[in-house]
Amino acid sequence: MQEIKMNHGQKGFTLIELMIVVAIIGILAAIAIPQYQDYTARSQVTRVVSEVNSLRSGAEAAILQGREIVSVAPASVSTGQEDLGWTQSNLLANTGKDQITITGGDTATPTIAGTLGTDAGANVAGVTVTLTRGADGSWSCGLSGGTSGQGWKDSYAPTACPHS
């Protein structure tokens, strides 16, 4: 007579094992998502600071040539003016040349500014990056705007461009 072997071995995962895996994934996501949002905000601010900083060399050349610094359409540039060549950034408010504001462009101490908006994260939208040229020819960078109520953290500001 042939003996019948019964195999009662379990295949697959139990419900409790699956629930534990889901709980672990949930805990990891709860830690990772805010870190990712902070990283994204920090990288957006750093990118805009870099984009605005790229205008310094053109501004410096214009100042040394005695020209007024402007950010207007090339057809609108008058004699004695120098357009900085700004095109557009998807992280700045407004469009085209209106994304950059230049004050004191006809002096040796101009200010170049741009405000985050459009595609920038909600926690950094409204923050203004400002470059200011001192009388000694040095440039300083600063950030203004942005509140902790909207999600701004001082850690978003690059070291060379502090938030005030």
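Checking side-chain atoms of His163 against main-chain N and O of Gly145 turns up a donor-acceptor pair under 3.5 Å. A donor-acceptor pair under 3.5 Å links the side-chain atoms of Asn53 to the main chain of Val49, judged by distance alone. Here the side chain of Gln88 pairs a donor or acceptor atom with the backbone of Gly96 at under 3.5 angstrom. At distances below 3.5 Å, not a single donor-acceptor pair connects side-chain atoms of Gln44 with backbone N or O atoms of Leu91. With hydrogens and angles disregarded, a donor-acceptor distance shorter than 3.5 Å links the side chain of Lys97 to the backbone of Trp86.
Put simply, the side chain of Leu84 reaches to within 4.5 Å of the side chain of Ile69, judged on heavy atoms. Within the 4.5 Å cutoff, the side chain of Ser164 has no heavy atoms near those of the Leu143 side chain. Residues Ser89 and Arg47 are in side-chain contact: their nearest non-hydrogen atoms beyond the backbone lie under 4.5 Å apart. Counting heavy atoms from C-beta on, the side chains of Val129 and Thr115 never come closer than 4.5 Å. Contact of the Thr46 side chain with the Tyr156 side chain is not registered, since no non-hydrogen atoms from C-beta on lie closer than 4.5 Å. Residues Arg42 and Ser155 meet the side-chain proximity criterion, which asks for heavy atoms closer than 4.5 Å. Contact check for Gln81 versus Val70: side-chain heavy atoms found under the 4.5 Å cut-off.
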Tell me, with the steps shown, if Cys141 and Thr130 meet side-chain contact (heavy atoms from CB on, under 4.5 Å).
-> CA-CA 6 Å; Cys141 180; Thr130 305; over 6 Å; no
Tell me, with the steps shown, if Val72 and Val77 meet side-chain contact (heavy atoms from CB on, under 4.5 Å).
-> CA-CA 7 Å; Val72 296; Val77 176; 3.9 Å; yes
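Pairing each heavy atom of Pro162 with each of Thr159, the nearest pair is CD-O, 4.1 Å. Between Gly142 and Cys161 the shortest heavy-atom distance is N-SG, 3.4 Å. The shortest heavy-atom contact between Val127 and Gly146 is CG2-CA, 3.8 Å. The shortest non-hydrogen separation linking Ala59 to Ile112 is CB-CD1, 4.0 Å.
Listed by chain and number, the residues in a salt bridge (charged side-chain N to carboxylate O under 4.0 Å, His left out) with Glu82 are Arg67 (sequence neighbours excluded). With sequence neighbours left out, Ile16 forms a side chain to side chain contact (heavy atoms under 4.5 Å, CB included) with Thr14, Ile20.
Note that CD of Glu51 and CD1 of Ile100 are 8.5 Å apart. Values are rounded to the nearest 0.5 Å. Note that CD of Gln99 and CG of Asn90 are 8.5 Å apart. Values are rounded to the nearest 0.5 Å. Remark: Ser78 OG to Asp83 CG distance equals 11.5 Å, nearest 0.5 Å. Taking CE of Met19 as the reference point, atom CD1 of Ile24 lies at 12.5 Å (rounded to 0.5 Å).
Both Trp152 and Leu92 are part of a single hydrophobic cluster, where members link through side-chain heavy atoms under 4.5 Å apart.
Between Tyr39 and Tyr36, the two ring planes are tilted [angle within 30° to 60°].
Contacts classified as side chain to side chain donor-acceptor pair (under 3.5 Å) and involving residues 139-150 (residues at least two apart or in different chains) are given here: Glu60-Trp139.
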